[in-house]
Engineer: 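Sharing a structure, written as structure tokens. Questions coming.
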Amino acid sequence: MFNSIKSLLKRDNSQFIKIDSIEKTSNSIKVNFSFCDEISKYFRQNFQKIQYLKLNHDLTNIPDGIAIIPFVSNVLPIIWFFDLKLIIDEIDKNFFESIDDIKKGYKLLFPFIDFKGEVICKNTKDFSYTAQNNSVALFSQGLDSINTVINNLDKNLSLLTLHGSDIPLDKTEGWNNLSGKIDEFAESVNVKNYYAKSNFRRMLNNTQLNNALPDGMKKSWWHQFQHGIGIISHATIIAYLLKSENILIASSLSKASANLKI
């Protein structure tokens, strides 16, 4: 299946990340991947696993081209920063065509970094749907996310909270305390809420990635490159299942307050 791609990699002596397989159960998605030796120090695990909780849908029916979006989103900054090739078999056509625009956004934020790299895909498929009257909101119980929910209750919201982002996967006591409060909040405003348990931060070696950042730049790969795209990408699965119109994520600053000219 990947013979032509393997020939290309061998001929160019390229550095790469490649999706090897996708495992789906009724409530989880696991993407197994491999990478060249040159970038092995930037990874702690060679898989990304996401388990969606409180979900009454069967994830085995999710197309592979949708299922890989959270993984692809989390490694795109690595692909661009280290000038790698990301090798995949299938991905959603609309997402694939948006990748260059996402890269342009990174270039605007960090014009002193030369973002390169490319995504090599065997097939792109159109998984478009007719949007229903609902939206998904990323929710952390913080002030910004509460404000987002309150201001968008007319959008028939579903909330998604990510375990593995602010609270590490092994901190079960803190997570149980937070999820209990989130359940109470969701009930109080009459919205559904879901959870995703993901190793998307644990799979990366943040110490090595931080050290790779240029001098004079804040040494935090998480805050500079992964935070926004990494979190919001987990909502694409819920949005696909619910045929949502929008995915909402809180922002502390508006364009006006940040004095941005976009």
Side-chain angles (χ1 to χ4, degrees), residues 9 14-20 22 29 31-50 65-88 91-92 94-121 124 138 162 164-166 168 196 198-237 247 249-253 260 262:
L9 292 174
S14 298
Q15 297 180 357
F16 67 92
I17 299 173
K18 180 169 75 70
I19 293 179
D20 296 317
I22 304 166
I29 297 171
V31 177
N32 300 297
F33 62 96
S34 56
F35 39 78
C36 59
D37 291 340
E38 289 86 349
I39 62 166
S40 60
K41 66 180 180 179
Y42 300 118
F43 291 94
R44 297 170 58 192
Q45 297 174 330
N46 61 350
F47 66 91
Q48 183 187 18
K49 183 174 182 179
I50 310 170
I66 296 291
I68 66 169
I69 288 177
F71 169 76
V72 172
S73 298
N74 275 275
V75 299
L76 277 177
I78 295 177
I79 295 297
W80 297 330
F81 186 85
F82 295 104
D83 191 13
L84 311 176
K85 288 182 171 64
L86 175 61
I87 313 299
I88 56 181
I91 198 165
D92 175 63
N94 291 312
F95 178 79
F96 181 77
E97 291 177 349
S98 72
I99 288 176
D100 281 344
D101 287 334
I102 300 172
K103 182 192 283 189
K104 289 176 184 176
Y106 276 80
K107 288 181 177 179
L108 285 173
L109 287 171
F110 308 103
F112 50 88
I113 295 176
D114 190 10
F115 292 98
K116 296 182 179 179
E118 63 179 318
V119 179
I120 299 174
C121 182
T124 60
L138 277 301
L162 194 53
S165 176
D166 297 327
S198 175
N199 72 327
F200 75 118
R201 293 194 67 180
R202 182 175 289 184
M203 75 176 185
L204 301 182
N205 188 328
N206 277 278
T207 299
Q208 292 291 344
L209 288 168
N210 294 344
N211 291 338
L213 295 175
D215 292 339
M217 186 176 184
K218 181 180 179 181
K219 297 292 186 176
S220 175
W221 185 272
W222 166 246
H223 287 104
Q224 304 282 37
F225 292 148
Q226 190 187 10
H227 177 266
I229 195 173
I231 291 175
I232 199 171
S233 63
H234 286 77
T236 57
I237 305 301
I247 298 173
I249 187 168
S251 174
S252 298
L253 297 176
L260 296 177
I262 297 177

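Any value given below was found using the heavy atoms of this structure, including those in side chains, with hydrogens, waters and symmetry copies removed.
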Engineer: So do the side chains of Met217 and Phe110 get within less than 4.5 Å of each other, counting heavy atoms only?
Structural biologist: yes
Engineer: Ignoring hydrogens, what is the shortest heavy-atom contact between Phe112 and Pro214? Give both atom names and the distance.
Structural biologist: CE1-CG, 4.4 Å
Engineer: Quick one: does Val75's side chain get under 4.5 Å of Gln48's, heavy atoms only?
Structural biologist: no
Engineer: Would you check if Val72 and Val31 make a side-chain contact, meaning some heavy-atom pair closer than 4.5 Å?
Structural biologist: no
Engineer: Would you please test Ile68 and Ile19 for side chain to side chain contact (heavy atoms under 4.5 Å, CB included) and show each step?
Structural biologist: CA-CA 9 Å; Ile68 66 169; Ile19 293 179; 4.0 Å; yes
Engineer: With a 4.5 Å limit on heavy-atom distance, are the side chains of Leu84 and Ile39 in contact?
Structural biologist: yes
Engineer: For residues 199-212, which residue pairs qualify under side chain to side chain donor-acceptor pair (under 3.5 Å), counting only residues two or more places apart or in two chains?
Structural biologist: Gln45-Asn199
Engineer: Please examine the side chains of Asn32 and Asn46, heavy atoms only from C-beta on, and report whether any two atoms are closer than 4.5 Å.
Structural biologist: no
Engineer: State, with a plain yes or no, whether a side-chain heavy atom of Pro70 is found less than 4.5 Å away from one of Phe200.
Structural biologist: no
Engineer: CG/Leu138 to CD1/Ile249 distance, rounded to the nearest 0.5 angstrom?
Structural biologist: 4.5 Å
Engineer: Using side-chain heavy atoms (C-beta onward) and a distance below 4.5 Å, is Ser165 in contact with Trp222?
Structural biologist: yes
Engineer: Once you measure the plane-to-plane angle for Phe33 and Phe71, does it fall in the parallel (<30°), tilted (30-60°) or perpendicular (>60°) bin?
Structural biologist: tilted
Engineer: Ignoring hydrogens, what is the shortest heavy-atom contact between Ile69 and Ser233? Give both atom names and the distance.
Structural biologist: O-CB, 4.3 Å
Engineer: Just verifying a value: how many Å separate Phe81 CZ and Tyr42 OH, rounded to the nearest 0.5 Å?
Structural biologist: 7.5 Å
Engineer: Would you tabulate the side-chain donor-acceptor contacts of residues 98-106 under 3.5 Å, counting partners in other chains and residues two or more places apart, or write 'none'?
Structural biologist:
{"unit_1": "Ser98", "atom_1": "OG", "unit_2": "Phe95", "atom_2": "O", "d": "2.6"}
{"unit_1": "Lys103", "atom_1": "NZ", "unit_2": "Lys116", "atom_2": "O", "d": "3.2"}
{"unit_1": "Lys103", "atom_1": "NZ", "unit_2": "Gly117", "atom_2": "O", "d": "3.2"}
{"unit_1": "Tyr106", "atom_1": "OH", "unit_2": "Phe225", "atom_2": "O", "d": "2.6"}

Engineer: Going through the checks in order, is the side chain to side chain contact (heavy atoms under 4.5 Å, CB included) test met by Leu204 and Phe43?
Structural biologist: CA-CA 4 Å; Leu204 301 182; Phe43 291 94; 3.6 Å; yes
Engineer: Roughly how far apart are Ile79 CD1 and Asn74 CG, rounded to 0.5 Å?
Structural biologist: 12.0 Å
Engineer: Can you find a heavy atom in the side chain of Leu213 that is under 4.5 Å from one in the side chain of Leu209?
Structural biologist: no
Engineer: Rounded to the nearest 0.5 Å, what separation is found between the CD1 atom of Ile88 and the CD1 atom of Ile22?
Structural biologist: 9.0 Å
Engineer: When rounded to the nearest 0.5 angstrom, what is the spacing between NZ in Lys18 and CG in Leu86?
Structural biologist: 11.0 Å
Engineer: To the nearest 0.5 Å, how far apart are CG in Asp83 and CD in Glu118?
Structural biologist: 8.5 Å
